[in-house]
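All figures in this text were calculated on a predicted structure; none of them were measured in a lab. Letters A, B, ... mirror the listed sequences (proteins, then strands); counts begin at 1.
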There are 2 protein chains.
Amino acid sequence: MTMAQPTGDDLVEMLAALANPLRLRIVAKLAGGRDYVSRLAREIGVSRPLLHMHLQRLEAAGLVVGSLELSEDGKAMKYYEVADFDLHLTAPALAEAAKTLTRSDPVKGPARKERS
Amino acid sequence: MTMAQPTGDDLVEMLAALANPLRLRIVAKLAGGRDYVSRLAREIGVSRPLLHMHLQRLEAAGLVVGSLELSEDGKAMKYYEVADFDLHLTAPALAEAAKTLTRSDPVKGPARKERS
DNA sequence: TTCACGTGTAAGTAGATTCTTACACATGAA
DNA sequence: TTCATGTGTAAGAATCTACTTACACGTGAA
């Protein structure tokens, strides 16, 4: 199911997850079909621990989903696939999302003065 | 004019610019009308140098546009307004954008050098 | 037992990002 | 001149991010 209206905080997390060339490549690769970590690392040309880290970030943002499965020869394989997301970014849409931001508030307190 | 198909690199830069609560708030505020830096800083409750920095990032990504104007009383005012952007993010769309990625690193400089 | 393959995670580091404080310059009004 | 407004930018600190290297544990096959 597609997340229609993520909160401002969730949106920031999703955007941060996508704002990285390597993670964009990972999503692009997974868009062509599910894959398990070690193989994906080989195909993209990245170390497995690094890929692991990026997949964690993508999964935390809800952009990919992972599932641990057992292969026929008994090995534990972690398969990942893209989630069904659909974000539409326009100024009005962002203004709407910004209403639900809870982090990094305009500091607690009134606007600070500039000259003492 | 709206940028229909930004390159992978441009997309990453736009996403990185939007992946920040404060900058999201800035865009949201400007979506309600243009404003100049000092006033915007007061309204959002942020220091002017900090806002200046974030506006630079947003403008570099093509999400806002700034223009230096002279007020009636002769002061130099830097007005900013939102650009007309429209990004549609889906797995297939990202896969398409990923084809035009030229760098492997986040958003820094050119492609990183290989090591032997 | 050893090898080849899969998994996860911790430690350390170089470089970015975010933010504050401070300085510099211009103008109109008091 | 001094004050209040606007502009820009530099220096430093605290914190993230991205990445490498190294370790741990599991399986089936040679």
Side-chain angles (χ1 to χ4, degrees), chain A residues 12-13 15-26 35-61 66-80 103-109 111-116, chain B residues 12-13 15-26 34-61 66-80 103-116:
Chain A
V12 168
E13 188 173 10
L15 293 177
L18 292 176
N20 175 289
L22 181 48
R23 283 196 292 268
L24 209 53
R25 248 181 219 132
I26 294 170
D35 204 350
Y36 65 93
V37 184
S38 288
R39 197 156 83 95
L40 188 55
R42 263 180 258 119
E43 292 180 337
I44 296 186
V46 161
S47 75
R48 189 178 54 81
L50 180 58
L51 177 60
H52 183 271
M53 195 250 284
H54 285 302
L55 284 171
Q56 294 273 56
R57 204 112 151 50
L58 286 170
E59 184 166 34
S67 65
L68 191 61
E69 304 177 10
L70 283 181
S71 65
E72 295 187 357
D73 58 336
K75 290 198 181 92
M77 318 283 279
K78 184 84 177 236
Y79 275 87
Y80 276 96
R103 294 182 296 202
S104 186
D105 264 0
V107 243
K108 30 247 157 172
R112 81 175 42 247
K113 299 180 59 178
E114 286 217 355
R115 294 188 90 150
S116 88
Chain B
V12 167
E13 188 172 12
L15 294 177
L18 292 176
N20 175 288
L22 181 48
R23 284 196 291 269
L24 208 55
R25 237 182 267 271
I26 293 170
R34 67 206 298 268
D35 204 352
Y36 64 93
V37 184
S38 288
R39 196 155 84 93
L40 188 56
R42 266 182 255 117
E43 293 180 337
I44 296 186
V46 158
S47 76
R48 189 176 56 81
L50 181 58
L51 177 60
H52 183 273
M53 195 252 283
H54 285 301
L55 283 171
Q56 295 272 55
R57 204 113 154 45
L58 286 170
E59 186 167 33
S67 64
L68 192 60
E69 304 176 9
L70 283 181
S71 66
E72 294 185 359
D73 58 336
K75 290 201 181 86
M77 318 283 279
K78 183 87 177 233
Y79 275 88
Y80 276 95
R103 37 192 172 211
S104 177
D105 278 336
V107 79
K108 298 125 191 175
R112 67 200 259 238
K113 56 186 175 184
E114 292 290 322
R115 284 197 307 181
S116 58

Q.
Checking E59(B) now: which residues fulfil salt bridge (Lys or Arg N to Asp or Glu O under 4.0 Å) with it, not counting sequence neighbours?
A. none
[X] [atom1] to [N] [atom2], straight-line distance once rounded to whole Å:
X	N	atom1	atom2	answer
L51(A)	dT17(D)	CG	P	18 Å
L24(A)	dT17(D)	CG	C1'	17 Å
L68(A)	dG8(C)	CG	P	7 Å
L50(A)	dT13(C)	CG	P	18 Å
R25(A)	dA18(D)	CZ	P	14 Å

Determine: side-chain N/O of [X] to OP1/OP2 of [N], distance under 4.0 Å, yes or no.
X	N	result
S38(A)	dC5(C)	no
N20(B)	dT18(C)	yes
R39(A)	dC5(C)	no
R42(A)	dG6(C)	yes

Q: Kindly write out the residues that satisfy ring-ring contact (aromatic ring centres under 6.0 Å, His included) with Y79(B), not counting sequence neighbours, or none if the list is empty.
A: Y36(B)
Side chain of [X], heavy atoms from C-beta onward: which of [options] has the nearest atom to it?
X	options	result
P49(B)	dT20(D), dT21(C), dG8(D)	dT21(C)
S47(A)	dG8(C), dT21(D), dT7(C)	dT21(D)
H54(B)	dC19(C), dG8(D), dG8(C)	dC19(C)
Q56(A)	dG8(C), dA18(D), dT9(C)	dT9(C)

Distance-only check: which donor-acceptor pairs under 3.5 Å involve side-chain atoms of residues 42-54 of chain A, not counting sequence neighbours?
from: E43(A); atom 1: OE2; to: R39(A); atom 2: NH1; distance (Å): 3.2
from: S47(A); atom 1: OG; to: L50(A); atom 2: N; distance (Å): 3.3
from: H54(A); atom 1: ND1; to: R23(A); atom 2: NH1; distance (Å): 3.0

Q | Which residues share a side-chain hydrogen bond (donor to acceptor under 3.5 Å, both in side chains) with E69(B), sequence neighbours left out | A | R34(B), S67(B)
Shorter than 3.5 Å, N or O on both sides, protein versus nucleotides 23-30 of chain D: list them out with atom names.
none

(Q) Using 0.5 Å steps for rounding, measure from the CD1 atom of I26(A) to the CG atom of D35(A). (A) 11.5 Å
Q. Excluding sequence neighbours, so at least two apart, what forms side-chain contact (heavy atoms from CB on, under 4.5 Å) with L68(A)?
A. A76(A), K78(A)
